[in-house]
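Every number for a ligand or one of its atoms is a count from 1 in the order of the listing.
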Amino acid sequence: MNFAQKLSGIAARYRDKPAVVFEGAVYTYDALDREVSRYAAMLDHIGVRVGDRIAIQLPKRMEFVFLELAVLSVGAVALPLNTDYRPEEVHYFLSDSGSRFFFTDRERFLRAEEILSALPELRTLLVDASNAKSCGSMAHELENADRNFQRTYPTRGDDVAVICYTSGTTGRSKGAMITHKNMISNTTALHLAWEWSDRDVLLHVLPLFHVHGLFVALHGALNAGATVIMHEKFDARRAWETIDMGVCTILMGVPTMYQRLMNEWDELDRKPNLQNMRVFISGSAPLLDAQFRRFEQQTGFRILERYGMTETGMNTSNTIDPAGRKGQSVGYPLPGVEIRVCSPDGKDVPPGDVGEVWVRGDNVFKGYWKMPGKTKESFHGDWFMTGDLGYQDHEDGKRLYLVGRAKELIITGGYNVYPKEIENVLQTHEAVKEAAVIGIPDEDFGERVVAVVVAGKDMPGVSSESLIRFCKDQLAGYKCPKQIFFVDELPRNAMGKLQKNLLAERYRESAKTQLPMRQI
Ligand code: MCA
Ligand code: AMP
């Protein structure tokens, strides 16, 4: 089945009920479904065909929601892009994916115009403006689309619905191909596990261009016939004020958001009314035990932590029954998801021992776009090897704990950063002889990206600010180092291999909080 068709079927059952309330504007299920149909007609009118990749780089707004579901409805493949990606990054995603259409806003188009002209096969459509010089206007195409268009959902379950780019250890991002079947199975598993119902009201504060905000939060709610109150941007004070109105039942966020909510809680003279709240859910990055306990002390709610990946959707979750939730554990395999914890030679390790987490199930993606080698490397038979290190509870052999990562990855505020990508950019700066990028503890972001740099002898005057600015010109802001440390040389072992663990230890001293994950 096509995932958008499933949601359209649900919309037919809840016609007059609010589906999404976005910044004061209410869209009923009927209005949402009609807009998706109108957008699908527009895609058909501009020549979108089954399997075409359609890139979307838009701030959080309703057009994003309509477009994504319309793309799925016509059997094309949606490619959501982080709004903060710089033109060079966007160019890579558009060219690597061979996207035929790019929906964006005027501001982002003007920034990327020159670089986009190098992609003659690509047609750009502006969502918020009339025709610009080298692109079209979505409003214009919507007007000219066939008003009698009927959605036919020309896909099978195994067809790709969305490609989400995830960074890679080599610095080159990989497009994870997520199928309709993946989306349906994972949404269904979460529906059961979290007991979603049409009485739920989700406060949606996450970005829409990632699996967390799009699949887990938005799709999860629409699949249940629930209502989504959607904020354009996360703001802790505003989130508490909205919850205080007494209609919300679910909040989903990354640990940085919970950290900010807790700090804000202390500032509030009158604490919010949480009477209607059912569950606070956290994921995308490790939630510290101290955060789990502080939130419970403040609010009386135990945060429900779950664990997922772009490639697999959600894998494990703590129980919906608060009594079964445990800080530092990411819970149990979701219905239909199998988990193994394996040694490097592919054998199951006994409960209590640390190994790599492997995942199998209908939730596991189809592979990396045009990277059969990388796809093969990531699987052992039909088991996907996550690169996350963990152990299963030695008592029940099932409850999962994550303790680190086999891959060199920094998670900052819920976003993944692979050091290699940043090192590659720094190393193109004329003053940089060598650069090593590491994550150090940060109270707000969990981990903070910092760079340790050896400057060339003939470039003594280079400043941290100029190197950070250099990175910001080419990389999304969250990837850029927050600090640069200059050293005479980087520590290496006898074989000449860079010893990042020594650097991490040295600079960890400068941070006061505990590191949420060990780099192994
Ligand atoms: C923004 N900045 C950051 C981050 N976010 N720096 C480091 N890490 C970050 N996460 C920087 C900006 O570049 C900017 O820098 C400055 O902070 C202010 O930007 P602003 O947009 O105002 O930031 P914010 O609103 O404070 O954003 C913090 C945030 C956001 C709300 C926590 O990062 C966020 O929405 N994170 C959620 C990520 C997410 O959805 N991940 C799910 C991935 P400057 O001032 O220098 O320009 S999916 C996934 O991981 C799997 C499937 C899973 O399990 O869910
Ligand atoms: P992404 O590639 O952006 O989908 O990020 C997936 C990665 O986020 C996983 O491989 C984990 O390393 C991490 N992750 C997601 N949820 C959690 C969690 N609850 N605790 C610790 N790490 C998590």
Is the shortest distance from a heavy atom of Gly213 to ligand 1 less than 4.0 Å? no
Can you check whether Glu311 has an N/O within less than 3.5 Å of an N/O in ligand 2? no
Cationic N near anionic O, under 4.0 Å, Arg106 to Asp128: no
Flag the pair Glu443 / Asn263 as yes when at least one side-chain heavy-atom distance between them is below 4.5 Å, and no otherwise. yes
Part of Tyr478 within contact of ligand 1 (heavy atoms, under 4.0 Å): both
Would you mind finding which of Gly414, Cys480, Ala476, Gly413 brings a heavy atom closest to atom 37 (C) of ligand 1? Gly413
Does Glu89 pair with Arg111 as a salt bridge, N-O distance under 4.0 Å? no
Please check atom 26 (O) of ligand 1 for a protein heavy-atom neighbour under 4.0 Å. yes
Does a side-chain N-to-carboxylate-O contact under 4.0 Å join Arg405 and Glu447? yes
Any atom of ligand 2 sitting under 4.0 Å from a heavy atom of Leu402? yes
Can you find a protein heavy atom under 4.0 Å from atom 32 (C) of ligand 1? yes
Electrostatic pair Asp388-Lys407, nearest N-O below 4.0 angstrom: yes
Side chain, backbone, both or neither: which applies to Arg260 and ligand 1 if a contact is any heavy-atom pair less than 4.0 Å apart? side chain
In ligand 1, the atoms that come under 4.0 Å of a heavy atom of Gly477 are 13 (O)
Look at the aromatic rings of Trp358 and His380 and report parallel, tilted or perpendicular, splitting at 30° and 60°. tilted
Measuring from the heavy atoms of Arg448, does anything fall under 4.0 Å of ligand 1? no
Contact atoms of ligand 1, heavy-atom distance to Met257 under 4.0 Å: 31 (C), 35 (O)
Please determine whether any non-hydrogen atom of Val330 lies less than 4.0 Å from an atom of ligand 2. yes
Where ligand 1 meets Met309 - atom numbers and elements under 4.0 angstrom, heavy-atom basis: 52 (C)
Under 3.5 Å: N/O of Lys472 near N/O of ligand 1: yes
Could you tell me whether Asp345 and Lys347 make a salt bridge, using a distance below 4.0 angstrom between a side-chain N and a carboxylate O? yes
Heavy-atom contact under 4.0 Å between His212 and ligand 2? no
Ligand 2-proximal atoms of Ala285, by part, heavy-atom distance under 4.0 Å: backbone
If you compare Phe234, Tyr415, Phe215 by their heavy atoms, the one closest to atom 34 (C) of ligand 1 turns out to be Tyr415
Do Asp96 and Arg53 sit within salt-bridge range, that is, some charged N less than 4.0 Å from a carboxylate O? no
With only distance considered, is His210 within less than 3.5 Å of ligand 1 through an N or O on each side? no
What do you reckon, does Asn416 have a nitrogen or oxygen under 3.5 Å from a nitrogen or oxygen of ligand 1? no
With Tyr332, the side-chain hydrogen bond (donor to acceptor under 3.5 Å, both in side chains) member among Asp396, Asn315, Thr316: Asp396
Does the ring centre of Phe384 sit less than 6.0 Å away from the ring centre of Phe365? yes
Indicate yes or no: does Arg86 engage Glu88 in a salt bridge with an N to O separation below 4.0 Å. no
Going by distance only, is there an N or O of Thr310 that falls short of 3.5 Å from an N or O of ligand 1? no
Thr310, any N or O under 3.5 Å of ligand 2 N or O: yes
Nearest non-hydrogen atom to atom 6 (C) of ligand 2 belongs to which of Gly308, Gly283, Ala176, Ser329? Gly308
So is Lys479 in contact with ligand 1, going by heavy-atom distances below 4.0 Å? no
Is there a heavy atom of His210 sitting under 4.0 angstrom from any atom of ligand 2? no
Check the angle between the aromatic planes of Phe485 and Tyr507 and answer parallel, tilted or perpendicular using the 30° and 60° thresholds. parallel
Logged contact type for Thr256 with ligand 1, heavy-atom cut-off 4.0 Å, is side chain
Going by the order shown, which atoms of ligand 1 are within less than 4.0 Å of some heavy atom of Arg306? 53 (C), 54 (O), 55 (O)
If we only count heavy atoms from C-beta on, is the Met257 to Leu206 side-chain gap below 4.5 Å? yes
